[in-house]
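Residue numbering restarts at 1 for every chain, and letters A, B, ... go by the order of the sequence lines. In this text the structure is predicted, and so the values were computed from the model without any measurement.
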Protein chains: 2
Amino acid sequence: MPANLKDVAIRAGVSVRTVSNVVNTPEVVAVGTRERVQAAIEELGYRPNVAARALRRGRSEVIGLVVPEIDSPYFAELAAHVVRAAEARGWTVHIEQTDGSGPRERQLLDGARGQGVDGVIFSPWSMTADEISRRSAAPPVVMLGEQPGVGTVDHVAVDNRLAADTATRHLLASGRRRIAAVGLQPHLRNETARQRLAGYRDALAEAGVPDDERLHVAVERLHHEDGVGAMQRLAQLDELPDALFCFTDQLALGALRACADLGLRVPEDVALVGFDDIEAGRYAVPSITTVAPDKPRLAELVLTCLEERMRDHELPGRDLVVPHRLLVRESAPAPGAAPGGAAG
Amino acid sequence: MPANLKDVAIRAGVSVRTVSNVVNTPEVVAVGTRERVQAAIEELGYRPNVAARALRRGRSEVIGLVVPEIDSPYFAELAAHVVRAAEARGWTVHIEQTDGSGPRERQLLDGARGQGVDGVIFSPWSMTADEISRRSAAPPVVMLGEQPGVGTVDHVAVDNRLAADTATRHLLASGRRRIAAVGLQPHLRNETARQRLAGYRDALAEAGVPDDERLHVAVERLHHEDGVGAMQRLAQLDELPDALFCFTDQLALGALRACADLGLRVPEDVALVGFDDIEAGRYAVPSITTVAPDKPRLAELVLTCLEERMRDHELPGRDLVVPHRLLVRESAPAPGAAPGGAAG
DNA sequence: CCCCTAGTTTGCAACGTTGCAATGCCACGT
DNA sequence: ACGTGGCATTGCAACGTTGCAAACTAGGGG
């Protein structure tokens, strides 16, 4: 049985309340008493019971991180930052996986709310902001990823449309004209993918390059294997694409693998741009040119957002943008660059 | 304010206790009452308060997963399995990162214990089983990774020595003789690395190949960049190695990248074997031959272990082995295999 | 010598839930 | 009509903590 306040109180010869004060507001306790109590705490190895504390205080100091899959490198890297940033605030992080399924997202969001977390970071693939807003009350929610319209929920994301535009322009600038867009998920209400497609179209339109729908490749998920499949399908077109804008680095890495199998050289025959800047993309051969969201900033911003909402539950929905930059690497080098050279 | 049992009780015209019964043991409640109460629960959107429940029951249904870094693909993949397996048991998972630092491991292990988790899955890089055993009591701990001796704590791992032996034999069988071992971490008490080195030596000894210490490469961490550095250092030896046994796939991927930069062909000039079977290794060019632990089984086993220990806190420390297999892929093909072909 | 103040310490109640054991109710058998 | 047994429901207390406000102590001024 772990020691509780009472045990410590008896040992130190003070009241339970005083021990609680030593733990929570040591400055109001006389030095002598404080030391005596602290000694008793050490001796008994006392740790506050978080359940009791949460019950009494009405706060658990736990937040939920609800993502489609924690083993996708992007989410894993993000989670690492979130956990660190949470720790700096004295919070711990619950992880839940939705696999991107709508029912599961709904269930978890409802579940997580009763689950005694103080806030939820939610990365939806199927649910829209609207739907989420409607499930009112309880712990504040901050969404990852863009959303159409402004609900009552905050959302934090890079400017996907602009980023996709930048990425596509980069390919256009190096002379590519048949640029495929890989990563649409029409079976999900994936607003992020839509924004990226929109940005891709912006760039094509601006450059006067026709938007050939045969170059839009839908995928089931966003894993390596989907990238392989996408490239294989593209290879069957009458005319090969000369570049791929992949909506995630994992897709790009899959496409890269498929290119190798198809005997296509990257970037000579096909250039590749990815999204997310996952670690593996930096070390691939060739290294993957990618759009890098500022992940530490993203994590920090999301937590700040939650923090503010915990203080004031009535805040209106906000729409926060995280900076990003295009990291030009080997799979889609700068316009006139000489071939070869190390990763960025 | 979320509804509580009392609100529901009033609405349904029954006692608080009956509502509690409906929630926990519906079979003891008369059908009519049950339906009335369930309706009230729906209407008020009642969710049990987990803090109160945990306080009263003495169990939180939360387990802690303490790993060095959640963004390492191996741990991310493992976490995904652990979360899924936990969910099947109605548990949620807290994630904590130690960065492999000893003090931090100690702190978290102690912290997590007071933190109201029912059990801890702990993946140490610095602490030994001995040390962990000594920090007695409170929630049960199951360790990931091998440990010397048998403490009072369970540990679950693949047979690293055997696996390393198999991997090294594979390289020897294909004619390699100067095989480097990459991934020692002498600055940590990393027993896993030691076991892998031991297995590597077993294989060399058996084959009568001298164990050249210059081919043992220590690394700071186990990331891609460490693999790059290791390969670079190996390239400066008088005589190049003709194979690398890397203790993680990330190291192997880093080495692969370095080989490309050094103009070394894989596997023709240098063969690579990794460990962990992370997704990225399956799609690399060439794909990485690797030792694959059965991760789903590992997760399942760890949770079963915890479950048993929750029931009986006095169980002796156990030493559980998870199956593994060598996946032969392109970076170190089978002995007489023709070059080329797809990943496994 | 007493009162007041500031500085410490304390008791009580409550957070929402569930274990325990008691109570109430009804139908059945005698 | 009455006792009995079984099912359904209930009240009380407690889990460990902290908010609140009261109580106590000592020191200084009147």
Undergrad: From the options D/dA8, C/dT18, D/dT10, select the nucleotide whose nearest atom is closest to the side chain of B/T18.
TA: D/dT10

Undergrad: Rounded to whole angstrom units, what separation is found between the CZ atom of B/R47 and the P atom of C/dC15?
TA: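 Rounded to whole Å, this separation is 22 Å.
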
Undergrad: For the side chain of B/L5, counting heavy atoms from C-beta on, which of D/dT18, C/dT18, D/dG16 is nearest?
TA: C/dT18

Undergrad: For B/N21 and C/dC20, what is the distance between atoms CG and P respectively, to the nearest whole Å?
TA: 13 Å

Undergrad: Measure CZ/B/R59 against P/C/dG19 and give the value in whole Å, please.
TA: 9 Å

Undergrad: Is a donor-acceptor contact shorter than 3.5 angstrom present between the side chain of B/R56 and the base of C/dT18?
TA: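 It does, because a donor-acceptor pair links the side chain of B/R56 to the base of C/dT18 below 3.5 Å.
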
Undergrad: Taking only N and O in the side chain of B/R53, is any of them less than 4.0 Å away from OP1 or OP2 of C/dG16?
TA: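 So the side chain of B/R53 is outside the cut-off, no N or O lying under 4.0 Å from OP1 or OP2 of C/dG16.
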
Undergrad: Is the side chain of B/E105 donor-acceptor paired with the backbone N or O of B/S126 at a distance under 3.5 Å, no angle test?
TA: yes

Undergrad: Can you check the B/K6 NZ to D/dG11 C1' distance for me, whole Å?
TA: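 For the pair B/K6 NZ and D/dG11 C1', the rounded distance is 14 Å.
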
Undergrad: If you define the side chain from C-beta out and look only at heavy atoms, does anything of B/S123 sit under 4.5 Å from B/P68?
TA: yes

Undergrad: Looking only at side-chain N and O atoms, does A/N24 come under 4.0 Å of OP1 or OP2 in D/dT18?
TA: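 The answer is yes; a side-chain N or O of A/N24 sits under 4.0 Å from OP1 or OP2.
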
Undergrad: Side chain of A/S15 only, please: which of D/dT9, C/dT10, C/dT17 is the nearest?
TA: C/dT10

Undergrad: Nearest whole Å is fine: how far is D/dG16 P from A/D7 CG?
TA: 8 Å

Undergrad: In terms of the nearest nucleotide of DNA chain D, which residue is placed more toward the 5' end: B/A52 or A/V23?
TA: B/A52

Undergrad: For C/dG11, does OP1 or OP2 lie under 4.0 Å from any side-chain N or O of A/R17?
TA: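 For C/dG11, OP1/OP2 do not have a side-chain N/O of A/R17 under 4.0 Å.
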
Undergrad: For D/dT17, does OP1 or OP2 lie under 4.0 Å from any side-chain N or O of A/S20?
TA: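 Looking at the OP1 and OP2 atoms of D/dT17, neither is under 4.0 Å from any side-chain N or O of A/S20.
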
Undergrad: Among side-chain atoms of A/S20 and A/R53, is any donor-acceptor pair under 3.5 angstrom?
TA: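 Checked: A/S20/A/R53 side chains show no N/O donor-acceptor pair below 3.5 Å.
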
Undergrad: Is the phosphate of D/dT9 approached by B/T33 (side-chain N or O, under 4.0 Å from OP1 or OP2)?
TA: yes

Undergrad: Stepwise, does the salt bridge (Lys or Arg N to Asp or Glu O under 4.0 Å) test hold for B/E69 with B/R221?
TA: CA-CA 11 Å; B/E69 40 194 24; B/R221 317 180 66 199; 2.6 Å; yes

Undergrad: Between atom CG in A/L44 and atom C1' in D/dG16, what is the gap in whole Å?
TA: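 Spelled out: CG on A/L44 to C1' on D/dG16 is 15 Å.
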
Undergrad: In whole Å, what is the span from the CG atom of A/N4 to the C1' atom of D/dT18?
TA: 14 Å

Undergrad: Between C/dT17, D/dT18, D/dT9, which nucleotide gets closest to the side-chain atoms of A/R57?
TA: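 Of C/dT17, D/dT18, D/dT9, D/dT18 is nearest to the side chain of A/R57.
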
Undergrad: For A/N49 and D/dG16, is the shortest distance between a side-chain N/O and OP1 or OP2 below 4.0 Å?
TA: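 So the side-chain polar atoms of A/N49 never come under 4.0 Å of the phosphate oxygens OP1 or OP2 of D/dG16.
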
Undergrad: Looking at the side chain of A/V14, which of C/dT9, C/dT10, D/dC15 is the nearest nucleotide?
TA: C/dT10

Undergrad: Count the heavy atoms belonging to other residues, nucleotides or ligands that lie under 6.0 Å from CZ of A/R297, then report whether that count exceeds 12.
TA: no

